[in-house]
Protein chains: 2
Amino acid sequence: MSLVHAILAVLDHTPMSGYQLKREAFDNTIGHIWSADQAQIYRTLDRLLRDGMIDFEAEKQEGRLDKKTYHITQKGKDSLDEWMTSTDPLDPIRDSFLVRLYHAFSLPNHQVLSMIEAEMRQYTERLHTLEVPPPIEDEKVRTLKSKKEVLRALTLELPVRLTRTYLDWLAHCFDVINQSPDFDEPQAGARERQVNPQNRRA
Amino acid sequence: MSLVHAILAVLDHTPMSGYQLKREAFDNTIGHIWSADQAQIYRTLDRLLRDGMIDFEAEKQEGRLDKKTYHITQKGKDSLDEWMTSTDPLDPIRDSFLVRLYHAFSLPNHQVLSMIEAEMRQYTERLHTLEVPPPIEDEKVRTLKSKKEVLRALTLELPVRLTRTYLDWLAHCFDVINQSPDFDEPQAGARERQVNPQNRRA
DNA sequence: TAGAAATATATGTGATATCATATACGATTA
DNA sequence: TAATCGTATATGATATCACATATATTTCTA
């Protein structure tokens with residue numbers, strides 16, 4: 001499970017609380033790589049604590065609730081190091097939009113096009129949140145201060161590249177379907193489908 | 001859950017058994033889009049059956065075990081149609097290799113390079129299994145027989161494009177890291193790390 | 001002819017992920 | 001001043017996924 005290691009990696013760099021992990025790490029950089037919700041983060045912190053991978057100091061703030069600042073232990077560092085040099089099998093492909101498009105022959109043409117447009121909007125939005133790190137050019141490498149900065153820039157560049165590829169492909173799909181004038185004629189395998197007068201549901 | 005709809009989509013096209021779903025659908029085309037293991041398929045079939053989305057005829061083969069050929073019901077078609085015209089939020093990004101690379105400043109340069117090479121091998125292998133569908137060019141659109149064929153070719157093209165983007169990016173990472181001669185010098189934030197004489201484990 | 005592979009379905013268990021909701025309290029704002 | 005927002009942690013319930021294993025029979029192969 002990579003959430004364990006994602007959290008260890010963040011804490012190895014900067015000790016912080018569960019709330020900070022959510023707000024500062026998983027809503028930004030690390031979240032562009034491995035997304036996790038709040039409940040998952042707190043439960044994983046509990047587990048890491050039980051396993052001795054992390055420890056914490058509760059900061060008593062007068063009036064306010066305690067803030068637990070977690071830090072990685074030596075055991076946690078060892079475990080992280082071991083994971084770093086291992087190799088995982090590739091993460092499986094699961095894309096619900098593709099499942100839809102795969103079956104979209106059952107829809108009239110204009111509906112397929114608007115499906116694609118909706119997906120383009122979502123991916124365009126995602127592209128904005130990925131806040132485009134500047135591409136690393138040959139001469140820039142020497143100007144970057146540390147290995148860490150170079151690796152993080154490289155890492156955060158992939159989600160951007162993948163999102164662009166997705167958007168290019170969506171545009172390609174749109175064009176192909178759009179320039180097919182006969183697509184709204186009945187096709188073998190497509191169900192007869194009238195425009196529902198009343199939208200019945202189960 | 002898209003597995004439900006992936007199965008309904010396949011059965012809407014061709015009635016088949018759980019075993020066939022695994023071998024003919026999820027080990028090939030649909031599996032390039034939404035991967036699922038055998039246990040998941042059978043349990044989802046049970047659920048779809050309970051919910052009245054599918055039905056089956058058991059083929060009594062003398063001697064042999066019964067083969068249950070599942071087919072979609074009207075209720076299943078309605079549910080599938082409803083899902084087809086809905087919009088899901090984007091699937092979350094979770095990439096364990098990126099988590100590793102994000103933290104790879106703690107590793108010596110040559111290890112980062114071999115991590116990248118290992119990942120390249122895995123993605124190159126995946127690219128082969130995706131068995132490259134021919135790209136759809138403008139003139140080809142008219143020669144393809146049906147809307148279904150066009151949409152399936154488009155659908156199966158995306159995983160290929162994404163894999164190529166991944167491979168390009170891996171090559172880029174390799175180059176950037178490789179041409180940085182000072183990368184093996186100690187960096188702020190990286191742990192001191194000697195070449196272990198004995199590989200101790202927890 | 002013994003054993004392995006292919007066909008075919010099924011369950012047990014644990015790990016993970018998701019979604020909703022609860023608690024607590026200070027600070028801001030309408 | 002009531003409501004909402006931001007900080008902070010936590011759990012209950014459910015959904016989903018992953019991995020191992022069990023059963024039964026035929027066909028292929030060494």
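In this text the structure is predicted, and so the values were computed from the model without any measurement. Below, chains carry the letters A, B, ... as their sequence lines are ordered, and counting in each starts from 1.
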Carefully, step by step, assess A/Ile30 and A/Ile7 under the rule side-chain contact (heavy atoms from CB on, under 4.5 Å).
CA-CA 9 Å; A/Ile30 273 271; A/Ile7 289 176; over 6 Å; no

In whole angstroms, how far is the [atom2] atom of [N] from the [atom1] atom of [X]?
X: B/Asp46; N: C/dA8; atom1: CG; atom2: C1'; result: 14 Å
X: B/Tyr42; N: C/dG12; atom1: OH; atom2: C1'; result: 17 Å
X: B/Ile41; N: D/dC19; atom1: CD1; atom2: P; result: 15 Å

By side chain to side chain donor-acceptor pair (under 3.5 Å), which residues pair with B/Arg161, not counting sequence neighbours?
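So B/Arg161 forms a side chain to side chain donor-acceptor pair (under 3.5 Å) with B/Glu157.
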
With no hydrogens and no angle check, do the side chains of A/His71 and A/Asp55 hold a donor and an acceptor under 3.5 Å apart?
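Absent: no donor and acceptor within the cut-off.
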
Looking only at the side chains, is there a donor atom on one of A/Asp95 and A/Tyr102 sitting less than 3.5 Å from an acceptor on the other?
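Looking only at side-chain atoms, A/Tyr102 and A/Asp95 do not form any donor-acceptor pair under 3.5 Å.
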
So which one's nearest nucleotide on DNA chain C is more toward 5', A/Ala39 or A/Met1?
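Final value for this comparison: A/Met1.
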
Nucleic acid contacts - residues 87-100 of chain A versus DNA chain D, non-hydrogen atoms under 4.0 Å
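Heavy-atom cutoff 4.0 Å gives A/Pro92, A/Arg94.
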
Close residues, residues 17-38 of chain A, relative to DNA chain D [heavy-atom separation under 4.0 Å]:
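DNA chain D contact set from residues 17-38 of chain A: A/Ser17, A/Gly18, A/Tyr19, A/Gln38.
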
Looking at B/Arg94 and A/Asp91, is any side-chain nitrogen of the basic one under 4.0 Å from a carboxylate oxygen of the acidic one?
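Here A/Asp91 does not pair with B/Arg94 in a salt bridge, since their nearest N and O are not under 4.0 Å apart.
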
Is there a donor-acceptor contact under 3.5 Å from the side chain of B/Gln122 to the main chain of A/Asp88?
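Indeed, once roles are kept as given, a pair shorter than 3.5 Å links the two residues.
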
Closest approach of A/His5 and B/Val99, non-hydrogen atoms and distance?
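Looking at all heavy atoms of both residues, the shortest contact is C-CG1, 4.3 Å.
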
